[in-house]
Amino acid sequence: MELRSLHYFSTVAELGSISRAAVALHLTQPSLSRQLAALERELGHELFTRTSRGAQLTPAGRGLHTHLRVVFAEVDRIPEVLRTASESKELVRVGLPPGVPHGWLSAVVRRAQDAIPQADISLHEASSDEQRLMLKDGRLEVGLLHLAPPEHPSERVLIQRIGVALPPGSPLASRRSVRFADLAGLRVMAHANGEVAGEETRLRAASKAAGVTTDWIFRRFSQHSELIAMSSRADAALMTEASATHNMPSWRWVEVKEVDAEGHPLTVETWAATSSGGHPYVQRFIELLRAEGLGSRG
């Protein structure tokens with residue numbers, strides 16, 4: 001079995017058509033069909049169902065396509081693995097989600113270079129949900145998630161206050177802090193469920209508990225926050241200061257002095273989750289994350 005044949009299969013799976021895949025791979029359609037047929041014979045499974053609309057994955061094909069994401073990721077790691085090994089170091093792959101303060105993580109990486117010289121920290125940007133899969137597949141040693149995943153050991157390493165980003169000219173922009181009552185009647189954008197664990201549910205409940213009626217706009221957003229807020233005609237956007245500074249530079253961030261319906265401060269927590277099997281330098285790196293992060297506000 002050759003990686004080239006697996007790459008051909010993956011291209012067909014992604015495009016859903018042998019003819020389109022042949023064009024993308026600079027092959028003739030008969031040549032690509034022969035390659036796929038040879039792969040199916042070698043594996044002993046039919047991978048595609050050919051129809052007039054294209055090529056649809058069989059259950060075996062779907063399983064192989066999912067598995068190949070891990071295989072190709074590991075192949076892509078080879079140059080980094082070789083470089084790290086040649087320097088007598090261990091590679092520690094760390095997930096990086098949206099909304100993490102750059103200053104916090106860059107300080108931790110600098111400290112790790114001195115405290116764990118045997119480790120080479122490799123950062124990989126991915127959402128919390130993506131990182132859970134990467135941890136499961138062994139593509140990360142540490143995932144930084146905005147929730148505590150029940151399937152992986154995890155420790156809380158960072159707490160950030162939730163505040164509100166306000167556009168230029170907002171009458172609230174001169175305030176040092178705001179309450180939910182100040183947002184009454186305004187159109188306020190916030191993270192939809194799935195972006196930050198339970199934020200939509202918590203905000204709705206907290207606003208209701210405060211007796212405030214707010215025109216909520218729940219969206220998925222990160223680097224395009226300001227554009228999405230402007231197109232939605234939002235009067236404010238709830239997020240951490242780190243996210244506002246990075247993604248909404250022309251808006252001013254103000255802390256929200258409120259608690260949720262259970263009396264807890266409105267915050268975003270970040271958890272360091274680890275994959276199974278352990279790693280000699282992972283726990284030390286997590287200790288550095290916790291020492292640099294807990295008690296900080298961003």
Side-chain angles (χ1 to χ4, degrees), residues 1-51 54-98 119-145 149 151-154 272-282 285:
M1 188 186 310
E2 297 182 357
L3 280 173
R4 179 178 58 184
S5 298
L6 296 175
H7 174 60
Y8 291 166
F9 159 79
S10 184
T11 303
V12 176
E14 290 167 5
L15 296 180
S17 164
I18 294 176
S19 59
R20 287 197 295 268
V23 172
L25 294 166
H26 304 289
L27 296 171
T28 65
Q29 185 171 337
S31 175
L32 179 56
S33 294
R34 286 194 298 271
Q35 295 276 358
L36 293 174
L39 180 62
E40 288 178 321
R41 286 195 300 272
E42 185 174 3
L43 295 176
H45 289 277
E46 186 178 6
L47 302 175
F48 293 103
T49 300
R50 281 74 167 174
T51 70
Q56 297 181 346
L57 287 168
T58 63
R62 286 195 296 271
L64 178 60
H65 190 222
T66 299
H67 180 63
L68 284 180
R69 295 171 188 161
V70 180
V71 173
F72 291 148
E74 291 299 309
V75 171
D76 291 340
R77 286 184 58 220
I78 289 176
E80 188 176 24
V81 169
L82 292 175
R83 175 183 57 77
T84 303
S86 67
E87 297 172 355
S88 300
K89 292 184 176 182
E90 292 280 348
L91 189 64
V92 178
R93 297 162 297 176
V94 180
L96 176 62
D120 193 359
I121 307 302
S122 176
L123 300 179
H124 301 262
E125 189 168 3
S127 69
S128 293
D129 287 342
E130 290 169 337
Q131 288 185 61
R132 291 174 72 175
L133 292 176
M134 295 170 76
L135 285 165
K136 179 182 178 182
D137 294 338
R139 288 179 283 158
L140 290 178
E141 277 70 52
V142 180
L144 296 179
L145 316 175
E151 70 273 24
H152 298 291
S154 61
T274 57
S275 57
S276 59
H279 193 286
Y281 306 117
V282 162
F285 182 72

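Please read these numbers as outputs of a predicted model, since none were measured by experiment. The chain is numbered in sequence order, starting from 1.
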Trainee: Restricting to non-hydrogen atoms, name the atom on Ala126 and the atom on Pro98 that form the minimum distance, rounded to 0.1 Å.
Mentor: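 Of all heavy-atom pairs spanning Ala126 and Pro98, the closest is O-CD, 4.0 Å.
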Trainee: Which heavy atom of Pro97 sits nearest a heavy atom of Leu144, and at what distance?
Mentor: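 Minimum heavy-atom contact is CG-O, 3.0 Å.
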Trainee: Between Thr58 and His45, is a side-chain contact (heavy atoms from CB on, under 4.5 Å) present by the stated rule, with each step listed?
Mentor: CA-CA 9 Å; Thr58 63; His45 289 277; over 6 Å; no
Trainee: May I ask you to decide if Arg93's main-chain N or O and Arg139's side chain share a donor-acceptor pair within less than 3.5 Å?
Mentor: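 Answer holds: no.
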Trainee: In terms of ring plane angle, is the pair His65 and Phe9 parallel, tilted or perpendicular, where the classes change at 30° and 60°?
Mentor: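 Rings of His65 and Phe9: perpendicular, as their planes differ by over 60°.
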Trainee: Closer than 3.5 angstrom, by distance alone: can the side chain of Gln35 be matched with the main-chain N or O of Ser5 as a donor-acceptor pair?
Mentor: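 Judged by distance alone, no pair lies under 3.5 Å.
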Trainee: Just do the side-chain contact (heavy atoms from CB on, under 4.5 Å) check on Arg50 and Ile18 with the steps written out, would you?
Mentor: CA-CA 9 Å; Arg50 281 74 167 174; Ile18 294 176; 4.0 Å; yes
Trainee: Mind checking the CZ-CG spacing from Arg41 to Leu36? Nearest 0.5 Å is all I need.
Mentor: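 Here the rounded value is 10.5 Å.
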Trainee: Just checking Glu46: does its CD atom have more than 12 heavy atoms from other residues, nucleotides or ligands closer to it than 6.0 angstrom?
Mentor: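 Atom CD in Glu46 is crowded, with more than 12 foreign heavy atoms closer than 6.0 Å.
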Trainee: Side chains of Leu25 and His7: closer than 4.5 Å at any heavy-atom pair?
Mentor: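 Touching, per the 4.5 Å side-chain cut-off.
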Trainee: Do Tyr8 and Leu27 touch side chain to side chain, with heavy atoms closer than 4.5 Å?
Mentor: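 Yes - at least one pair of side-chain heavy atoms lies under 4.5 Å apart.
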Trainee: When rounded to the nearest 0.5 angstrom, what distance separates OG1 in Thr11 from CZ in Arg20?
Mentor: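 It comes to 12.5 Å.
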Trainee: Under a 4.5 Å cut-off applied to non-hydrogen side-chain atoms, are Leu47 and Val12 in contact?
Mentor: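 The answer is no, as the side chains (C-beta and beyond) never meet within the 4.5 Å cut-off.
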Trainee: Go through it in stages, so that I can follow the logic: the residues are Phe48 and Leu57, the test is side-chain contact (heavy atoms from CB on, under 4.5 Å), and I'd like the CA-CA distance, side-chain angles, deciding distance and then a yes or no.
Mentor: CA-CA 5 Å; Phe48 293 103; Leu57 287 168; 3.5 Å; yes
Trainee: Please round to the nearest 0.5 Å and tell me the distance separating atom OG of Ser127 and atom CE of Met134.
Mentor: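 Ser127 OG to Met134 CE: 9.5 Å, rounded to 0.5 Å.
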Trainee: Starting at CZ of Arg132, measure out to CG of Leu140 and round the result to the nearest 0.5 Å.
Mentor: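 The CG atom of Leu140 is 13.5 Å from CZ of Arg132, to the nearest 0.5 Å.
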Trainee: Flag the pair His152 / Leu145 as yes when at least one side-chain heavy-atom distance between them is below 4.5 Å, and no otherwise.
Mentor: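 His152 vs Leu145: side chains apart.
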Trainee: Report the distance from atom CG of Leu32 to atom CD of Gln29, rounding to the nearest 0.5 Å.
Mentor: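 Between atom CG of Leu32 and atom CD of Gln29 there are 7.5 Å.
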Trainee: Among side-chain atoms of Ser10 and Glu14, is any donor-acceptor pair under 3.5 angstrom?
Mentor: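 On atom types as modelled, these side chains qualify, holding a pair under 3.5 Å.
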